[in-house]
Amino acid sequence: MSEGKIVGIDLGTTNSVIAVVSGGVPEIIHNSEGGRTTPSVVSYVAGADGEVLVGEPARRAMVTNPEKTFAHVKREMGTDWRAHVEGRDLTPQEIAARILMKLKRDAEEYLGHPVSRAVITVPAYFNDAQRTATKEAGEIAGFSVERIVNEPTAAALSYGFEKSEEETIAVFDFGGGTFDITILEVSEGLFEVVSTNGDTHLGGKDIDDLVADWLNDSFVRDHNVDLREDKAAWARILEASEKAKMELSTTNKADIALPYLAQGEDNKPLHLQKSLNKAQFEKIADSVLDRLVVPCKEAIKDANLDKKDIDKVILVGGSTRIPRVREIVERLFGQAPQKTVNPDEVVAEGAAIQGGILSNDLDRDIVLVDVTPLTLGIETMGGIRTVMIKRNSSIPTEHTEMFSTAANNQPQVDVHVLQGERDMAVDNTTLGKFSLMGIPPAPRGMPQIEVSFKIDANGILNVSAADKKTGKKQEIKITATTSLSKEEVEKKKAEAEAHAEEDKKRRESAETHNNLDSTIYQVEKVLSENEEKVPEDAKSAVNDALAKAKEALEGDDPKEKKKALENLTEESMKIGQAIYEAEASESAEADDGSVPEGDEIIEGEDTEVPDPDPPVKGDEEG
Ligand code: AMP
C-alpha cells in the first residue's frame, strides 16, 4: 500500500523540496546530505552521460567547474535553450530530470521503499510548453507524473488544509526565478482559484545580478578589470551577491570579501572588498521589486475584488524574506502577510497533499479547482484571434466550436493555436500549427469543421479539428516546441493593455472585411438561384449595391466597407422579401404546404452571414 504513495515535489529554480503524506499530514523528506531542501544545481563531472553531481556538491562546483555546472534551468523549461556538455546538447528537461532523480533516490532511501509516482509543481504562470517540459522531466527521471499542480495552489492547499473557515486568500510567491500572485477562495475542503497573474522571469536571481553588476562596476573603477569576462570570477561574484542579499534580510550591512578574484598588471593579485548597506541594497533592488506591483493589481482586478476583500496573504518563495518585499505586500494588500507558513516548504507540502488526495491516502474530501493563466484561441479569417478559452477559466475545461472554409473548394484548413491577450493573431504567441486536409470540394462556408480545445487537470492543452462530413480528424498535443524569449509573456500582456483600443479597431476592420466578403457571396448565390422571383427594379438595385461592395472590398478604407456592407444588406433584405412573397403566393397556389427544394440550404446559409465567428482562415483556392 505504501508503495502506491505519491510524493509531492517542488521543483524550484534555486532549491527543490520533496514531501509525502504520512499519518495524514505532509512530511518533508530529508536528502542524503540531511537537508530539507536540495539546491537545483547539476554538475556534469565527466561528460553528459558520465558522473553527475546534484544538489549541494553541484552548487559548490559552480565555482570549480562553471562550464559544466547548471543552475536555474527552470527558467529555460519549454524553450529551445540547450546546455553544451562535451559535444552533447542537453535539454532543460534532461537537466531537471537529474535533480528529480536525486530526489527520487533520496526519498527511496528515506522511506525504505521504491517511489514511482509524483505530483510536481510549476509556477501558475507557466505556459503550456513549460508545463509539458516539466512533465517530461519527471518522466525522464522515472516517475509517473500523476499531476502538475500550480505552486500557489499547492501553497494554499497546505495553508488551508486544516482550516475550516471561509476565506479569500492571496498567495504571493516570489522565488529565485519566477513571481506568481494567485487569489483563491477556500471553504471547507474546496480550493478555488479565482485569478492568477505573474512574471515567469522575475526572481531573486535578478536582484543577485544587479548586486553583481554593482560590485563589478566598482571593481572596474578601481582596477580597470571587467570580471564579466572571467566565468569563474563571475560565479564567485554572483554567489557573494546572493549571500549579501540574504544577509541584508536580517542585518543592516553586509561585508563582501573576495580575495584573489583576478590578476592585474604584473600578475598582481586583485581582491574585492566592499560593504553594502540596506539602503544601498534597496536602491539597487527597487527596479526589480517595482515589477511586483502590476501583476498583483491585475490579479485583484481579474478576481473582481478589492484589496479589502482579501482576508489573508501567504508568502511563498525565498525572496519573500526580503523586508522590502514584505513592505510592498503590505502596501498592496493593506495588511501584513501571514507568518505561520514556511515559505520554502509549503509548496512541496501542498504537492504531497495533492498526491495524498490522488492516492486516497487522506481521509478527507478536498476539491481543488484551478485556472488557466492565459487566453487560448485560434487564428481565423483576416488574421483575427478567435477566443476558445478565456484566461482564468477553471480547469479541466474544454470548448468546441464550428468553423468553416473561406474559399470555394478549399481542400484544407490550417489551425494556428494561439496563447495571449491580443485581438489580432500575430500579436499572440504561437503554441502550434496543424492542417486538416482532404476536405471534399464544397462551396465556402459549407464544410463544418469542429475545433476542440481541451485543457486537462495539469493545464496541458490538446487541440483537435474534425471535418463533420468525412469524420476526418487531426489533433495536436501542444508540446515544448515554442521558445518563449525572456519576458515575452509579460511583454505581450503589457502590450495588450497598451494596444487594446488599436486592436479593437483592427479587429473590427478585419471583421467588416470578412462580413462584406461573405455577404457578397451569399447575395450573389441567392440572386442566381432565385432569378425569376426577383422583380427587375430590386435586381438592378442589388446589382448596383454588389458592384459598390466589390469595389470597397478591393480597397482598404474600413469606412467605405462598412457603408457598402450596410447598403448591400439593406438591398439584400429587399430581395429576400420579394423571394419570400413570391414563394408564399406559389405555395398558396399549390396549397400543399411543401417547401420548394433548395430553400433549406439557403435559409441555413442566410443565418450564417451574421455569425460572429468568421471561418477558419485556410489556404486560398488553387
Ligand atoms: P525559491 O525559488 O523559493 O527556492 O527561492 C530562492 C530565492 O530566494 C533565491 O533567489 C534566494 O537568493 C532567495 N532567498 C533565500 N533566502 C533568502 C533570504 N533570507 N533573503 C533574501 N532572499 C532569499
Side-chain angles (χ1 to χ4, degrees), residues 8-19 28 31 35-41 55-56 58-59 62 71-77 96 99 103 120-126 130 134 150-152 154-155 158 171-182 198-212 235 237-254 256 276-278 280-282 284-286 288-289 291-292 314-329 337 339 341-351:
I9 298 176
D10 169 7
L11 179 62
T13 310
T14 325
N15 292 299
S16 295
V17 185
I18 181 166
I28 301 290
N31 64 22
R36 294 167 73 88
T37 66
T38 300
S40 301
V41 186
E56 195 48 47
R59 208 178 65 82
M62 290 291 297
H72 307 113
V73 283
K74 184 172 177 175
R75 290 184 148 200
E76 314 299 343
M77 292 298 259
I99 302 166
L103 297 176
I120 306 178
T121 60
V122 294
Y125 216 57
F126 253 25
Q130 292 165 309
T134 304
N150 291 338
E151 285 157 14
S158 169
V171 179
F172 184 100
D173 179 354
F174 189 29
T178 56
F179 169 59
D180 280 333
I181 176 77
T182 298
D199 188 331
T200 49
H201 287 96
L202 176 61
K205 169 82 172 72
D206 297 296
I207 302 172
D208 304 346
D209 288 344
L210 292 181
V211 174
I237 292 232
L238 276 177
E239 199 185 338
S241 299
E242 183 180 16
K243 205 167 137 257
K245 170 190 78 174
M246 284 160 64
E247 262 175 62
L248 288 167
S249 291
T250 45
T251 60
N252 286 319
K253 188 167 135 279
I256 301 143
L276 178 62
N277 68 36
K278 205 162 159 186
Q280 284 170 311
F281 169 73
E282 290 180 350
I284 293 169
D286 263 353
V288 167
L289 302 183
R291 290 165 57 202
L292 296 167
I314 300 172
L315 299 181
V316 182
S319 299
T320 59
R321 291 213 163 88
I322 299 171
R324 183 94 176 135
V325 171
R326 296 182 177 224
E327 277 169 39
I328 292 172
V329 170
K339 297 209 169 65
V341 288
N342 179 333
D344 297 327
E345 298 179 354
V346 65
V347 170
E349 284 173 1

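Counting convention: from 1, in listed order, for ligands and their atoms alike. Atom set for the values below is all heavy atoms of this structure, side chains included, hydrogens, waters and symmetry mates excluded. Everything numeric in this text was worked out from a predicted model, so none of it was measured.
- With no hydrogens or angles considered, a side-chain donor-acceptor pair links Ser40 and Ser16 at under 3.5 Å.
- The closest donor-acceptor contact from the side chain of Asn31 to the backbone of Gly35 lies under 3.5 Å.
- Across all their heavy atoms, Ala154 and Ala351 have their closest contact at CB-N, 3.9 Å.
- Classification of Arg321 and Asp344 as a salt-bridged pair holds, one side-chain N sitting under 4.0 Å from a carboxylate O.
- For the side-chain contact (heavy atoms from CB on, under 4.5 Å) test, residues two or more places apart in sequence or in another chain that qualify with Met246 are Glu242.
- At a heavy-atom cutoff of 4.0 Å, ligand 1 is surrounded by Thr14, Asn15, Gly175, Gly176, Gly204, Lys205, Glu242, Lys245, Met246, Ser249, Gly317, Gly318, Ser319, Arg321, Ile322.
- Judged by distance alone, the side chain of Asp180 and the main-chain N or O of Ala124 form a donor-acceptor pair under 3.5 Å.
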